[in-house]
Amino acid sequence: MVTLAWQDSLKILKQGLSEIIGEEDLIAKLKKRDQGGPPLRVKLGLDPTAPDIHLGHTVPLRKMREFQDLGHEAYLIIGDFTGRIGDPSQKSEIRKQLTEEEVMKNAQTYQDQFSKILDPEKTHLVFNSEWFSPWAPEEFLNLASKYTVARMLERDDFARRYQEGKPISILEFFYPLLQGYDSIAIKADVELGGTDQKFNLLVGRQLQKEYGQNPQALIMTPLLEGTDGVQKMSKSLNNYIGINEDPREIYGKTMSISDDLLESYITLTTDMRGEELEKYRERIKKGEFSPLQAKKFLARRLVEMYHGQEKAQKAEEEFSRVFSGGHLPEDIPEEEVPQELKDHQGNVRLVHLISALNMVSSKSEGRRLINQGGVYVDEERIKDPNQEITPRSGMILRVGKRKFARVK
RNA sequence: GGAGGGAUGCCCGAGUGGCCAAAGGGAGCAGACUGUAAAUCUGCCGGCGCACGCCUACGAAGGUUCAAAUCCUUCUCCCUCCA
C-alpha cells in the first residue's frame, strides 16, 4: 500500500467533486491516518430495491475506489430497513418489506457488480436492519427527539411540498434520521453521495455530533444525467445504462446520448484522468475527433471497463455493421411461429405474428406500427395491417429500428 | 371538532348531462432528415376479430336518466382555513 501524505490524498479526493463539507474534519482525519491512525471509514448508502448498478451509481462508487486505493475502508450500507420507508422524493408510503431472501439476493447482485469497481478486500457490506430491527420504540423516539421540524423543513424537497400544500408524512422525516443514524452505527468518517443527498448527509453529520462522535465529512459527487439528457439517471425513468447490461446495449445506449452529455460522461463515468483526459478534450477541440468519434471512444471505453476489451471490440463492430452499415445484427433471436396462428394454408397475419412474438405490446400497437411503416419482413416494409405472410425458416422480422426476430 | 376545496389516461392538466376514448402539454413510440446525437417536421399514443362495431376507462360502490367524467347517496384518500 502506498501511503501518501495527506496533502496528496486530499488533492486526489477532491477531483471531480461537486461539493465537500467538513473539509477541515477530513484533513484532520487524514493527518491522523498519516501518523499511524486507523484507515478512514467511508460510507455509501445503497437502495436495497434496485440492485442494478448503473452509470449513475458508479460516480460515487468510483470515488469510493479512490479512497480504497489510498488505503481506506469502504462501508456499503444496504438500506434494507430504511427501504421500508422510501426516500421522500415523491409519494411516500410504507413499502412492503422485502423478504430476507430478496434482500440477500439483491445484496449478492450488488456484490457481483461492485466488485467490478471496488476492491473487495477493503469493502464491507452491511445491512442497516442489523442495528434497527432490534430497536425498541423508545430508541426511535429518542432519535426523533434529536431533530426539529423546522430543520426538517429546510430540506428543499420538504419546503417545496409544504409551500405547495402537498402532503408530507411524518414517516418521511424518519428517512433522513435513520440514514443519518447509519453513520453513527458504523462510525463513519466520510460519507459519499450525490448532490441530491446533501440534506440526508448533513443530518448524519449533525446527529453524529449529538451522539458525541466526530462528525463525518461529506463528499458529494455530481449527478449524472440520464440518456435523455434531462433528468438524472435512474432506473425508474428508464434513462439508465446498467453496467451489467449486454455489451451491445451499453454501446448502443451510449451512442444515443446527446452530444452535450459527452463531457460529463467522460469525466464522471470513465477512468480517464489527468493528461489522458486533457488530450481527449484537446482532440475534440481541434476537430480531430468528431462528436461521433468521441462518442464511439466513450462507448467503447465503457464496455471495456465492465466487460473487457474483447466484448468492446465486438460491440463496436456490431454497431457499425447494423447502424452505420445498415446491415442486420449478427445474432437475431430465433422464434418459433405458433401453430395456432396459421390458417390451413400455413399463412399468418403479420400483426398476430409480431404480437405473439412480443415484438409489440398489443395487436393494436402492432397495427399502428404497420400503418406507420415501422414493420419489415425481410427488410421490406409492409404497410397493410391485415397483410398475411407465409412464414418460412430464416425469414427476418423487424419492428422499428432495433427489434429483430428470425423465424425458426 | 367545525367550515370549505379536491381525486381525470404513464405524468401534468382541461372538461360540469349527450358532439368524450375524453382538449392541451410532457414523456414514449414510428416515419422523414441524420451520426441510433441535437433540432425540426409528420403520424400515433386503452384493448379486441378494428371497415362505420364491441368492451374497458375519469378515486370506490350504488342510484337518477333514453343518455353521466359531468347530477344524487354512501364510502375511501388528500388539501386548506378555524379550533
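First the proteins, then the strands, lettered A, B, ... as listed; each starts at 1. Keep in mind that the numbers below use all heavy atoms, side chains included, and drop hydrogens, waters and symmetry copies. In this text the structure is predicted, and so the values were computed from the model without any measurement.
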For this session: Check if the side chain of A:Gln372 and the base of B:G31 share a donor-acceptor pair of N or O atoms closer than 3.5 Å.
Result: no
Seminar exercise, completed: Testing B:C50, B:A30, B:C45 for proximity to the side chain of A:Arg368, the answer is B:C45
Exercise. On a whole-Å scale, what distance lies between the C1' atoms belonging to B:C48 and B:A60?
Worked result: 26 Å
Exercise. Of the candidate nucleotides B:C29, B:U36, B:G49, which contains the atom at the shortest distance from the side chain of A:Leu369?
Worked result: B:C29
Problem set entry | Candidates B:C29, B:G31, B:C50 - which lies nearest the side chain of A:Arg367 | B:C50
Exercise. Any idea which of B:A37, B:A51, B:C48 is nearest the A:Lys295 side chain?
Worked result: B:A37
Seminar exercise, completed: Per atom distances to the A:Lys401 side chain, the nearest of B:G35, B:G47, B:G31 is B:G31
Exercise. A:Asn371 has an atom CG; how far is it from atom P of B:C50, in whole Å?
Worked result: 12 Å
For this session: In plain terms, say whether A:Arg281 and A:Glu263 are close enough for a salt bridge, that is, a side-chain N and a carboxylate O under 4.0 Å apart.
Result: yes
Problem set entry | Atom CD of A:Glu334: over 12 foreign heavy atoms under 6.0 Å | yes
Exercise. Is A:Asp259 side chain donor-acceptor paired with the B:G35 base, going by distance under 3.5 Å alone?
Worked result: yes
For this session: For B:C12 versus B:A7, give the span between their P atoms, rounded off to a whole number of Å.
Result: 12 Å
For this session: Looking only at side-chain atoms of A:Ser364, point me to the closest of B:C48, B:A38, B:U34.
Result: B:C48
For this session: Apply side chain to side chain contact (heavy atoms under 4.5 Å, CB included) to A:Gln293 and A:Phe297, showing your working.
Result: CA-CA 6 Å; A:Gln293 286 168 311; A:Phe297 185 90; over 6 Å; no
